[in-house]
Amino acid sequence: MKHWHKRSMEEANLLNPAFLAVSIFQCVKGYSETARTNAPYVLPFLVTPLVLHKITRENIPRGVNTTFSTWITQRQGAHAKIGYPERTRSIAPYVKEALAFALANQLLTSNSDGSFSTNQNVAIPSRSNDNITDEILECFKKAHFCGRWLARAGKIETVMALLGGQAMSFQIQKIILYSNAGRTHVLPFRTNSVNIITGASKTGKSALIHIVDYCLGRETSNIPEGVILKNVSWFGIHLVREKDELFVARRNPGTDKASSEEIYIEKGHILEVPNHDRLIKNANLNSLNELLNEFAGISEYTFEPKPGQTRKTGIADISKALIYCFQEQSEVANQHFLFHRQGEQFLPQSIKDYMLFFLGVVDKEQVLQKEDQRRLKRELRKLEIREAEKERLKGSSFERAHALIAEAVSVGLLPADQQRPQSWIEVKEALRKAVNSRTEQEFPETLYAQELNRLFETQKSLRREHRAANEEISALQALKSGGDGFTQEAKEQRARLSSVGLLPSSEEADNTVCPFCSSKLEIPTPDTEAIRANLQNITKQLEYVTRDLPHIEQMISEAESRQAELNTKQKEVNAQIQAVQRINRQIEEFRDLNAKRALVQGRLGLYLETLDDIKDDSETNDEVEKLKSRIQALEEVLDDDALQDRLNSVLSLLGREISDMAQTLKLEHSANPLRLDLKKLTVIADTEKGPLPLERMGSGENWVSLHLIAHLVLHRWFARKNLPVPNFIFFDQPTQAYFPPEVSDKDVRNSDMESVIRMFKLISEKVRDAGFQVIIMEHADIQQNWYQEMIIKKWWDGTTKLVPLEWIEDN
């Protein structure tokens, strides 16, 4: 770290130890107040990069009700993760300096366990002044908030992981099958390793791909019919992502359905395989896919087709990521298709659309920039629509505005000498003046006017009383109706309870013994006294209701009488009002004028609302230019040519690795550069005669080997770049070109065996410490130690299979 005097002015001022020390003090104080314990040593190093980064600081929520884990996975929190590790490393020396400053000046105290506590006598200003600006005060407030916030976020290790330390995706720890009788068959797998299941045909090896795909949210099940669907009730999968674990079980759809929405999910740490009786539906397919998207680290990425294309806008999800995770037996040696399900309709285009995202060519920062670009374009469109509306309203010389202002002058809302405004500011000022003008003009204080006002007040009072009488009558009638209903129901209950009188009274009766078989009853029958007590109770209630009903009817009669009297009074007052109005027409004229003024003011107010967002040309033009400038800057970053350059760079790196592996396997055409072609979704060899695609290379060895190599290279890239693709790949029967299902190892030529050994040694070498998992279902059983160490299951004895024989016997 530079000496203080050798730092630049900006560095010395903005990152001075006093400012950082107060920020750290606020952070530690907030944490201690909430957690009721000292703050961990690492806390200042976590919070300071959040608070000093302006975009992050502005996106930090205002209240602690938004949890840190929720915020960090949303768009606002995603800004914080972009470049966070680099910011943390670069600012760490300044944080250490600030900590030393805070300790020396007694803002903080360092405890024996390395934690920090604050000096309670230190007071930080809550308002800006000559020495503390609003921005500095905001930094202090956010630091205090972050301390409180992170104290509620759980372990500090969890916070560190959420800020950028955890793996993006998951691997498979177990596949579990549940029998109809509740038994379990667990297949364990090693993470970050090669796992081989070798065995004879028809043992269920190939079904593993379909079981995993089904448990990971496939809409329809492709699990083959037969023994598996007849003898399995639930399929389960246990996933791991560093310390996080996820268990998913999905009910067998059976042979009559394509899928099942009965899904059980459990998430946590060190999960145990649940018993069959715990598998109760707690999720549906939508919630499963959302959880898997989060567990795989798939952020919100929207693909928007270019103008003129018929494809719909879509989003990246787990189903699109799993394209890279399976190679069925019919796919791993297919010269026409490189990827899983590539032969299905619309899937090839989908793979092309989202591969830029899954390869990391479009990273998180660009996803956010793309979202900002869409938001700015929406704002620009709104502004342009308002501008067009302004021009429409403006017309020629503000005709509409001038007409309304003239109408306001005619009814006295504006003075007769009101000038015609020539700018929108003057238009809005005149309209607001008219709208806020006094609506009613006072009547002349004549005898008639006073009498008319009195009559109107009397009329209002009578109407209120009439409404009250109506409501009272309705309420009393409802009460009477309810009483009638209760009486009927109570009589029915009393009638049933009265049945007790039909029985002889016996004090010796034992209600705990069955009168038929003399056995002891678990629930004693009620004795007669209890029934009689209920009968007396309901009879009393009926008496009360019966006594009340005549009173209610009397009250209804009285209310109806008052209502009739009020009707008579209203008619009299209406007749008096008509008489007074006939005598004095001047009063009516005033009322008409006031009504017209109110109408004009209403029209002016509506028109004024359409002008609220309209600004003068200079102000609007400035906003438009700013938006266009920001959109243009984002378009330069997100330019198709720039994306293509990044894609070409990635494909070049992948192609180099594909070529190296092909040479290791001594494949035909391996002397030529090999590469992935994303337009045709295949592997290309660039020869002197031109590009040679996989389908024209010939030889099953080439097809299988290049499928293996391409997926190994892709998964090494996914894991190395922490990309949101599940970190596993299934290969079903990759040696089928050498080992037909019913041929023994002895019948395979030596040259073929050498090729097979090279293949498996390459897989073993490229998976070691690469951060992903390979699961191979294989017929070959090479009798060499290094190969045997990769085997996790052998199904060669005729009895050991995916579905145990005893399950079949149970059925």
Side-chain angles (χ1 to χ4, degrees), residues 172 194-198 201-202 204-224 318-352 354-355 358 654 658 661-662 665 667 674 676-684 693-715 718 725-741 756 759-760 762-763 766-767 772-780:
I172 299 172
V194 180
N195 299 261
I196 298 176
I197 299 175
T198 180
S201 300
K202 300 180 181 179
K205 301 188 303 296
S206 296
L208 291 176
I209 286 179
H210 303 297
I211 290 171
V212 172
D213 198 14
Y214 179 63
C215 289
L216 292 179
R218 182 76 179 268
E219 288 188 5
T220 57
S221 166
N222 284 335
I223 301 170
I318 187 66
S319 66
K320 298 178 178 66
L322 289 173
I323 293 296
Y324 307 97
C325 297
F326 301 115
Q327 285 284 283
E328 297 182 38
Q329 186 173 347
S330 61
E331 294 170 336
V332 73
N334 192 317
Q335 72 269 39
H336 300 291
F337 302 124
L338 183 62
F339 296 102
H340 179 54
R341 300 173 59 194
Q342 187 177 333
E344 297 181 17
Q345 190 177 17
F346 307 123
L347 254 295
Q349 189 58 56
S350 175
I351 295 171
K352 297 173 189 178
Y354 293 92
M355 189 171 281
F358 289 116
L654 298 180
I658 291 173
M661 291 190 193
L665 295 184
L667 298 182
L674 291 130
L676 282 175
D677 187 328
L678 299 193
K679 292 182 179 179
K680 298 180 179 179
L681 296 178
T682 189
V683 175
I684 299 286
L694 177 65
E695 62 181 3
R696 289 172 45 206
M697 289 184 189
S699 164
E701 179 182 358
N702 279 328
W703 302 336
V704 169
S705 298
L706 288 176
H707 271 261
L708 290 171
I709 289 171
H711 284 83
L712 288 173
V713 168
L714 283 171
H715 274 272
F718 295 148
V725 176
N727 296 138
F728 66 82
I729 173 71
F730 277 81
F731 294 115
D732 188 9
Q733 198 69 26
T735 62
Q736 59 188 277
Y738 312 97
F739 289 83
V756 169
M759 177 195 300
F760 279 106
L762 176 72
I763 294 173
K766 296 304 179 181
V767 173
F772 68 101
Q773 173 188 51
V774 170
I775 299 172
I776 302 174
M777 289 74 73
E778 186 52 71
H779 176 75

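Values below: all heavy atoms of this structure, side chains included; hydrogens, waters and symmetry mates excluded. No experiment lies behind these values; they were computed from the predicted model shown.
The CD1 atom of I211 sits 10.5 Å away from atom OG of S206, with the distance rounded to the nearest 0.5 Å. Distance CZ/F730 to CG/N195: 9.0 Å, rounded to 0.5 Å. Atom-to-atom distance recorded for K352:NZ and M355:CE is 10.0 Å, nearest 0.5 angstrom. Here the straight-line distance linking atom CG of N727 with atom NE2 of H715 works out to 8.0 Å at 0.5 Å rounding. With rounding to the nearest 0.5 angstrom, the CD1 atom of I776 is 7.5 Å from the CG atom of L708. K680 NZ to H336 NE2: the interatomic distance, rounded to the nearest 0.5 Å, is 14.0 Å.
Using a distance-only test at 3.5 Å, with no hydrogens or angles considered, a donor-acceptor pair links the side chain of Q733 to the main chain of H779.
Taking the six-membered ring for Trp and the full ring otherwise, the centers of F339 and H711 sit less than 6.0 Å from each other.
Counting heavy atoms from C-beta outward, S221 and H210 have side chains that stay 4.5 Å or more apart. Between D213 and H340, the closest side-chain pair of non-hydrogen atoms falls below 4.5 Å.
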Margin query: Walk me through whether E778 and T735 qualify under side-chain hydrogen bond (donor to acceptor under 3.5 Å, both in side chains).
Written below: CA-CA 7 Å; E778 186 52 71; T735 62; 2.3 Å; yes

Checklist line | Test side-chain contact (heavy atoms from CB on, under 4.5 Å) applied to F337 and L681, step by step | finding: CA-CA 7 Å; F337 302 124; L681 296 178; over 6 Å; no

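Summarising the geometry of V704 relative to M759, their closest heavy-atom pair is CG1-CE, 4.1 Å, with the distance given to 0.1 Å. Here the closest heavy-atom approach between residue P726 and residue I318 is recorded as CG-CD1, 3.9 Å. Taking every heavy atom of both residues into account, M697 and L674 meet most closely at CE-CD2, 4.0 Å.
Shown are Y324, F326, F772, F718; of these, the side-chain contact (heavy atoms from CB on, under 4.5 Å) with I729 is made only by F772.
Sorted by first and then second residue, the pairs that involve residues 330-342 and meet salt bridge (charged side-chain N to carboxylate O under 4.0 Å, His left out), not counting sequence neighbours, are R341-E344.
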